[in-house]
Amino acid sequence: MKISLITVCYNSSKTISRTIDSVLAQTFLDFEYLVIDGLSKDNTVAVAEGYRKQFEAKNIPLRIVCEKDNGMYDAINKGTRLAEGVIIGSINSDDWLEPNALQVVADTYN
């Protein structure tokens, strides 16, 4: 069961690394990760792009969309439309997941 995990962000370069590190640390690997950025003026997108090889090494699809939106909820809806998973979750760009968080979700819904 594929899970889609979405992070919406805007000018989050100071906090998004911890978020992405927690996503990469997941024990459950059947998921995709979408970063939806609202045209940040800092280097948020560059920070996210810097993780691309780590996602590829784990065979986890990473999609980064950087374009104007109409706020957080518009960005969440955009990510939801792009998501391919059976379950869709959201993690804010200044939050983090425990390493087994997606495994708990998958176990709950199986």
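All residue numbers refer to positions in the sequence shown, counting from 1. Computed from a predicted model, the values in this text were never measured in an experiment.
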Discussion item. Under the rule for ring-ring contact (aromatic ring centres under 6.0 Å, His included), what residues qualify as partners of Tyr33, not counting sequence neighbours?
Written reply: Phe55
Worksheet, complete the sentence: Applying side chain to side chain contact (heavy atoms under 4.5 Å, CB included) to Leu39 and not counting sequence neighbours gives Cys66, Lys68
Fill in: side-chain hydrogen bond (donor to acceptor under 3.5 Å, both in side chains) partners for Glu56, two or more places apart
none
Response to the item:
Here the salt bridge (charged side-chain N to carboxylate O under 4.0 Å, His left out) pairs for residues 72-81, sequence neighbours left out, are Glu67-Lys78
Worksheet, complete the sentence: Given the options Asn11, Thr44, Val45, Ile16 meets side chain to side chain contact (heavy atoms under 4.5 Å, CB included) only with Thr44
Fill in: Contact check, side chains of Ile3 and Val86, non-hydrogen atoms, under 4.5 Å
no
Residues 94-103 side chain polar contacts: donor-acceptor under 3.5 Å, at least two apart:
| unit_1 | atom_1 | unit_2 | atom_2 | d |
| --- | --- | --- | --- | --- |
| Asp95 | OD2 | Asn92 | ND2 | 3.4 |
| Gln103 | NE2 | Asp107 | OD1 | 2.8 |

Fill in: Shortest non-hydrogen contact from Gly38 toward Asp69
CA-OD2, 3.3 Å
Item to complete: Check whether any side-chain heavy atom of Val35 sits under 4.5 Å from a side-chain heavy atom of Arg63, and report yes or no.
Response: no
Discussion item. Measuring only between side-chain heavy atoms, which start at C-beta, is Tyr10 closer than 4.5 Å to Ser93?
Written reply: no
Worksheet entry | Reported CZ-to-CD1 distance for the pair Phe28 and Ile60, which is rounded to 0.5 angstrom | 10.5 Å
Item to complete: Using the test side-chain hydrogen bond (donor to acceptor under 3.5 Å, both in side chains), find all partners of Ser40 that sit at least two apart in sequence or belong to another chain.
Response: Asp37
Response to the item:
Hits for side-chain hydrogen bond (donor to acceptor under 3.5 Å, both in side chains) against Ser90, two or more places apart or cross-chain, chain-then-number order -> none
Worksheet entry | Sidechain-backbone polar pair: Ser12 side chain, Cys9 backbone, donor-acceptor under 3.5 Å | no
Fill in: side chain to side chain contact (heavy atoms under 4.5 Å, CB included) partners of Lys2, counting only residues at least two apart
Asp30, Glu32, Pro61, Glu84
Worksheet item: In the hydrophobic clustering that connects Ile, Leu, Val, Met, Phe, Trp and Tyr at side-chain heavy-atom distances below 4.5 Å, which members other than Met72 occupy its cluster, ordered by chain and number?
Response: Ile6, Val8, Leu34, Ile36, Val65, Tyr73, Ile76, Leu82, Ile88
Item to complete: Identify, with sequence neighbours excluded, every residue that meets salt bridge (charged side-chain N to carboxylate O under 4.0 Å, His left out) alongside Arg18.
Response: none
Discussion item. Can you list everything that forms a side-chain hydrogen bond (donor to acceptor under 3.5 Å, both in side chains) with Asn43? Sequence neighbours excluded, please.
Written reply: Ser13
Worksheet entry | Residue that, paired with Leu62, satisfies side chain to side chain contact (heavy atoms under 4.5 Å, CB included) out of Lys53, Gln54, Arg52 | Arg52
